[in-house]
Amino acid sequence: MADKSEKTKARLPRGFADRSADDIRAVEKMMATIRSVYELYGFEPVDQPLIEYTDALGKFLPDQDRPNEGVFSFQDDDDQWLSLRYDLTAPTARFVAENFEKLPKPYRSYRSGWVFRNEKPGPGRFRQFMQFDADTIGTPGVAADAEMAMMMADVMEALGIKRGDYVIRVNNRKVLDGVLEAIGLGGDENSGRRLTVLRAIDKLDKLGPEGVKLLLGPGRWDGGKEGEGDFAKGAGLNDVQAEAVLLATAKNEQARQDSNVGANAIYQEGVSELSTIEALVRAAGYGEDRIAMDRSVVRGLEYYTGPVFEAELLAEIPNEDGQIVRFGSVGGGGRYDGLVSRFRGEPVPATGFSIGVSRLMTALKNLGKLDMSDVIAPVVVLVMDRDIESLGRYQKMVSELRAAGIRSEMYLGGAGMKAQLKYADRRGSPVAIIQGGDERAKGELQIKDLIEGARMSAEISDNAEWRAARPAQVTVAEGELVGEVRKILAAQAEERARGK
């Protein structure tokens, strides 16, 4: 016998999560709705592998303070570096560049799948998570960006999120790029400081203007006071530069008009594109309650080159700890004209949107928008006798139920009747089928309504009620199995519909 100390400890790696049947079904239901909206807009499905050559992914992650740039990487047998994809956009750019001549332009596609970040895990921050993207590649004008915002608004409503409980916020990175150029942070030599500024602005909702001003300047302690928590080094802007950045990204229109960078050409181009997007979405009937222009939206990824958008849930929803919170962003995206161009050496305009599947699913479940009560557990055929002939009869019952489209299983464990019924209860099974030697001799079987039985046990207190109730167990001829099970399942469905 092996020494107990030699047993491998079962433990889940940090930053990863196991998924239950309910979670998987909820995601599939949600994604089917999202897919239907993408298809309605004329997008086509496509998929790329989880692994790409590291140089194809580029260096665009928000967190670049780790030796391998935040991605999980390994070397192939030919010494080529490979990495698990950190998002779905970079592999899409590689795919389009590689198949450019064969694809229709504009190329409209969608895809879903797992992505991986080799970053420090924390509450709500996972190393593996799922995204669901849509992209339009080959459209230079902002009409494609306006369409992305409209499609995201339609996705929110298709998922049952009513107007007033969500908003799609739109900005343009050229606005902030113009500001940074105007205050002396243009050019390749300042790319690192610009990225630090972007990350700082992205934290406006969390830290407020004063906290962000510290990150734009000398830096900030995580705890808010000197010596509390870790120290985040700032972008090193002086007060005038930091104020210009904060003014340009302010939600308040009057504050933006006071900014002294309005004459910058890149800034003006960004403002003009925002005006065009606003005109297009308003003409299509999308009001400010659904799609809003918001200069505070930045998006952390460095590869965005123009309009950026964010889908935000405004409703106050219980989080995983039961606290009532404003849920915030569940997806975002923007224009990334440089990604495909990296491979082709020519301009290839592109824009896209990515939904954070797990985060959106959590919000929908907490809002009661992902009801999985229509998923019926399998009928369980109990095994009373284990000789070959009896097992064959039980298996025949299961086959008849399955042929009728009824989820069912034959109990395959080694326990007795009481434990088998307990197993069926734990599975949430609606019905159990019982046939012992006496029933088999008569060509009969017993059908036990487990849902009604549980209700009677919990609610019915006297004999009169019990006699008036729907019977929890019936005996029928073998040939009536499918019909009787259907009848019981229909009665259970009717009671669920009545809210019982």
Side-chain angles (χ1 to χ4, degrees), residues 1 10 18-25 28 372-500:
M1 185 173 176
D18 295 318
R19 297 202 302 156
S20 68
D22 283 348
D23 283 347
I24 292 169
R25 288 193 178 105
E28 288 176 348
M372 302 308 297
S373 62
D374 56 342
V375 177
I376 308 301
V379 171
V380 176
V381 176
L382 273 55
V383 173
M384 311 303 293
D385 300 300
R386 300 182 185 277
D387 58 276
I388 297 298
E389 181 185 351
S390 298
L391 291 173
R393 293 172 76 96
Y394 299 140
Q395 193 64 68
K396 182 174 180 290
M397 295 176 199
V398 172
S399 296
E400 288 175 358
L401 291 167
R402 289 172 181 163
I406 299 170
R407 272 188 95 196
S408 53
E409 63 172 274
M410 182 177 82
Y411 178 76
L412 297 175
M417 179 178 173
K418 187 174 180 180
Q420 290 185 49
L421 286 171
K422 188 174 182 180
Y423 166 82
D425 279 335
R426 284 185 171 176
R427 291 279 276 134
S429 300
V431 173
I433 312 300
I434 305 167
Q435 188 187 62
D438 292 343
E439 290 91 0
R440 186 165 60 250
K442 299 176 184 177
E444 296 175 340
L445 45 82
Q446 294 182 48
I447 302 179
K448 188 174 181 64
D449 183 337
L450 298 176
I451 306 298
E452 181 65 8
R455 189 185 74 82
M456 289 171 66
S457 174
E459 297 179 4
I460 295 177
S461 56
D462 59 52
N463 287 336
E465 275 190 286
W466 188 88
R467 283 193 298 272
R470 173 160 60 84
Q473 185 166 315
V474 295
T475 300
V476 300
E478 288 180 340
E480 298 173 11
L481 168 64
V482 171
E484 190 62 33
V485 169
R486 275 182 171 155
K487 189 162 71 174
I488 292 172
L489 293 177
Q492 292 176 355
E494 186 179 337
E495 288 178 356
R496 282 196 304 274
R498 291 202 305 262
K500 289 190 175 181

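Position 1 is the first residue of the sequence, and the numbers go up from there.
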Could you grab the distance from atom [atom1] of [X] to atom [atom2] of [Y], nearest 0.5 Å is fine?
X    : Y    : atom1 : atom2 : answer
I376 : I406 : CD1   : CD1   : 11.5 Å
L489 : K487 : CG    : NZ    : 12.0 Å
M397 : E478 : CE    : CD    : 5.5 Å
R393 : D387 : CZ    : CG    : 10.0 Å

side-chain contact (heavy atoms from CB on, under 4.5 Å) partner of I434, chosen from I447, V380, L382
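Output: one option passes, namely L382.
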Suppose the criterion is ring-ring contact (aromatic ring centres under 6.0 Å, His included): which pairs have a residue in residues 396-451, not counting sequence neighbours?
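Counting only pairs at least two positions apart or across chains, the ring-ring contact (aromatic ring centres under 6.0 Å, His included) contacts touching residues 396-451 are Y411-Y423.
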For the backbone of [Y] and the side chain of [X], can you confirm whether one donor and one acceptor N or O come within less than 3.5 Å of each other?
X    : Y    : value
S429 : A377 : no
E484 : V476 : no
Y394 : R386 : no

V381 side chain reached by S408 side chain, heavy atoms, under 4.5 Å
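They are not in contact (no side-chain heavy atoms under 4.5 Å apart), so the answer is no.
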If we only count heavy atoms from C-beta on, is the Q420 to V383 side-chain gap below 4.5 Å?
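Contact flag for Q420/V383 side chains = yes.
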Which is it for E28 and R25 under the salt bridge (charged side-chain N to carboxylate O under 4.0 Å, His left out) test, yes or no, and what are the steps along the way?
CA-CA 5 Å; E28 288 176 348; R25 288 193 178 105; over 6 Å; no
For I24, does the CD1 atom have more than 12 heavy-atom neighbours from other residues, nucleotides or ligands under 6.0 Å away?
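More than 12 within 6.0 Å, yes.
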Just do the side-chain contact (heavy atoms from CB on, under 4.5 Å) check on V485 and I433 with the steps written out, would you?
CA-CA 9 Å; V485 169; I433 312 300; 3.9 Å; yes
Of all pairs that satisfy salt bridge (Lys or Arg N to Asp or Glu O under 4.0 Å), the ones with a partner from residues 426-448, not counting sequence neighbours
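Residue pairs passing salt bridge (Lys or Arg N to Asp or Glu O under 4.0 Å), neighbours aside: D385-R440, E409-R427.
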Take M417 and M384 through the test side-chain contact (heavy atoms from CB on, under 4.5 Å) and record every step on the way to the result.
CA-CA 7 Å; M417 179 178 173; M384 311 303 293; 3.5 Å; yes
